[in-house]
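Residue numbers count from 1 along this sequence.
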Amino acid sequence: MLKTGAAYVPQDVRVCPAEQLRHVIAVTRARVVLTTEEHAHLVPAADGVRVTAVDAVMARPGDGDGTRFVPVRPTSGDDPCYVLFTSGTTGSPNGVVVTHRNVCNLLLTEPGGLGMGPGTRVAQILSIAFDMAAWEMLGALTHGATLVIRGKDIAAAVRRADVVISTPTILSGIDPASCPSVRVVAVAGEPCPRALADRWAGNRVFYNSCGPTETTIVNTMQRHRRSAARLTVGRPTPNNTVYVLDARQRPLPAGEVGEIWAGGDGVSAGYLGDPALTAERYVPDLFSGGGRLMFRTRDLGRWTADGRLEVLGRTDDQVKVRGFRVELDSVSAVLEALPGCRRAATVKVDDRTLVSFAAGTGLDPEAARGAVALALPYYCVPEAVHVMEELPRTSRGKIDKAALLRLVEHRGREAGR
């Protein structure tokens, strides 16, 4: 598909609502939808759109249906490689146009290549609609590696792999001791607990990474070692730049918290069909010049004294509780440092109340609240810590905070009866 010059627009029809699929088809002006016979009925009908069940075509004798896709011109580095739609949790999903140049810049340089090569097995465990899945699939294909495609058992695919790319939430449910063949692990997509990084970094290469879809999968990576003083996302990957800026877009010195902006070859081509939003989030790079753009990530961070980046949460994860500013991830980080806690998440219920959830074994809820009270100001202490076997996940393998809020509301209604 990519060789024809067509842009890949991945969607998981099993979990994507029909209305969102219609939106994706309309925005991309798609003419062809490739699916399987089993799922073809889930693709909403649209004028001028041809739905092709790939497995049915391949099962026909001869050369399929005779259709040949011939590129009108050779594909260039600035042509779209894929259009990745954001999750749409704050409205309609936005289609991020990622070019061949963007993708090659990560996959064909180290550490982004993750040491992939012929004979290397790469686990394909993530939703195809998530940009990190492109790291798995296109990374393997461009390096001649082998994809290990999961079934229902994610851990089984990981155990057979040499290279694993994952969210921390998915990785937290897998025992590293059961995966002796895994040589390289890279996590991204959400904050990684230090304890999780330490567990996996013992006798293998472990990268803590960061970067929104708009900067092409990840644009910072750090090989973590257990002896490290702190867990960071390191430095920009090759040909990328990262800036920590104040409200007037001035660079901040090491140790001062500001908003993270990204520049360089990883900055994608903007939002498909939405020039206004593109102009708002992609602005001229004040530091590189030459017509380049930088992207506003809406992440908060700071540089360490040795030039490594610490990500401190999202600007939209900074909430006001009792009039004080609270970073929800800082509360969760205290819980994740407790023995037995694999993952934690904190949600704001109202202007006075936080509630936390923790996945793990042997955790005492009141002791967990006490640990937060010892580490953070009183207004950061959650009203309750609910211990669960596993935290709910989105289709992209991240903690589903919307589901946690619904759980709080449900428990509140139950208590009021």
Side-chain angles (χ1 to χ4, degrees), residues 106 111-112 132 166-169 171-172 185-201 205-238 240-247 249-264 266 287 294-319 325-338 341 343-346 371-372 375-377 380 398-399:
L106 175 68
M132 286 173 64
S166 179
T167 62
T169 296
L171 197 66
S172 68
V185 177
V187 296
E190 56 187 348
C192 180
R194 172 65 189 260
L196 179 66
D198 286 346
R199 278 202 303 273
W200 281 89
V205 176
F206 182 94
Y207 289 106
N208 190 34
S209 317
C210 185
T213 299
E214 291 87 346
T215 64
T216 312
I217 308 175
V218 297
N219 66 338
T220 61
M221 294 178 67
Q222 172 65 45
R223 179 176 179 179
H224 175 67
R225 291 179 170 84
R226 288 176 171 177
S227 59
R230 66 186 78 192
L231 179 66
T232 75
V233 295
R235 298 187 173 98
T237 49
N240 283 320
T241 55
V242 172
Y243 314 115
V244 178
L245 308 179
D246 66 12
Q249 295 187 355
R250 297 175 302 186
L252 290 169
E256 291 196 23
V257 177
E259 192 166 350
I260 299 173
W261 291 72
F287 311 99
M294 63 181 189
F295 175 74
R296 184 180 187 181
T297 71
R298 297 190 186 276
D299 285 324
L300 296 171
R302 63 187 172 203
W303 294 110
T304 63
D306 60 350
R308 302 180 192 278
L309 185 66
E310 285 187 295
V311 179
L312 303 173
R314 301 278 298 165
T315 55
D316 46 12
D317 270 348
Q318 270 199 344
V319 299
R325 182 175 296 171
V326 177
E327 293 175 6
L328 297 177
D329 284 344
S330 66
V331 181
S332 303
V334 173
L335 297 173
E336 289 174 337
L338 298 176
C341 182
R343 293 294 276 144
T346 302
V372 177
L376 298 173
C380 297
K398 301 181 183 182
I399 295 173

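Within the 4.5 Å cutoff, side-chain heavy atoms of R230 are placed close to those of T304. Annotation: side chain of L245 is in contact with side chain of M294 (closest heavy-atom distance under 4.5 Å). A heavy-atom distance below 4.5 Å is found between the side chains of V187 and P168. With a 4.5 Å cut-off on side-chain heavy atoms, W261 and T297 do not count as touching. Inter-residue side-chain proximity for T241 and P236 is flagged as unmet; no heavy-atom pair is nearer than 4.5 Å. Contact of the V218 side chain with the V233 side chain is not registered, since no non-hydrogen atoms from C-beta on lie closer than 4.5 Å. Considering only heavy atoms from C-beta on, T220 stays 4.5 Å or farther from T237 through its side chain. Using a 4.5 Å cut-off on side-chain heavy atoms (C-beta onward), I260 and V242 make contact.
Under a 3.5 Å cut-off, the side chain of K398 and the backbone N or O of G189 do form a donor-acceptor pair. With hydrogens and angles ignored, the 3.5 Å screen pairs a side-chain donor or acceptor of T216 with a backbone N or O of G266. The backbone N or O of T346 lies less than 3.5 Å from a partner atom in the side chain of S332, making a donor-acceptor pair.
Of the inter-residue distances, the one linking R199 atom CZ with R194 atom CZ reads 12.5 Å to the nearest 0.5 angstrom. The line from CZ of F206 to CG of D198 is 9.0 Å long, rounded to the nearest 0.5 Å. With rounding to the nearest 0.5 angstrom, the OH atom of Y207 is 15.0 Å from the SG atom of C192. Put simply, OG on S166 and CE on M132 are 6.5 Å apart, with the number rounded to the nearest 0.5 Å. Atom OG in S330 sits 10.0 Å away from atom CG in L335 (nearest 0.5 Å).
Looking at R343 and E336, a side-chain N of the basic residue comes within less than 4.0 Å of a carboxylate O on the acidic one, giving a salt bridge.
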Under the salt bridge (Lys or Arg N to Asp or Glu O under 4.0 Å) rule, what do D299 and R314 come out as? Steps first, then yes or no, please. CA-CA 4 Å; D299 285 324; R314 301 278 298 165; 3.2 Å; yes

Can you check salt bridge (Lys or Arg N to Asp or Glu O under 4.0 Å) on E214 and R298, steps first, answer last? CA-CA 12 Å; E214 291 87 346; R298 297 190 186 276; over 6 Å; no

Evaluate side chain to side chain contact (heavy atoms under 4.5 Å, CB included) for H224 paired with L231, printing each intermediate quantity in order. CA-CA 7 Å; H224 175 67; L231 179 66; 3.5 Å; yes

Derivation and outcome, side chain to side chain contact (heavy atoms under 4.5 Å, CB included), residues L300 and E327: CA-CA 10 Å; L300 296 171; E327 293 175 6; 4.3 Å; yes

For the pair R302 and E310, evaluate salt bridge (Lys or Arg N to Asp or Glu O under 4.0 Å) and give the outcome as yes or no after the intermediate values. CA-CA 5 Å; R302 63 187 172 203; E310 285 187 295; 3.0 Å; yes

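The aromatic rings of Y243 and F287 sit tilted relative to each other, their planes meeting at an angle between 30° and 60°.
L376 and V331 get closest at one heavy-atom pair: CD1-CA, 3.8 Å. The two residues N240 and G264 come nearest to each other via the heavy atoms OD1-C, 3.7 Å. Closest non-hydrogen pair, G258 versus L252, comes out as CA-CD1, 3.5 Å. Nearest heavy-atom pair, A344 versus I399, reported as atom, atom and distance to 0.1 Å: O-CD1, 3.7 Å. When all heavy atoms are compared, the tightest approach of P191 to D329 is CG-OD2, 3.5 Å.
Side-chain contact, R235 with Q222: no donor N or O sits under 3.5 Å from an acceptor N or O.
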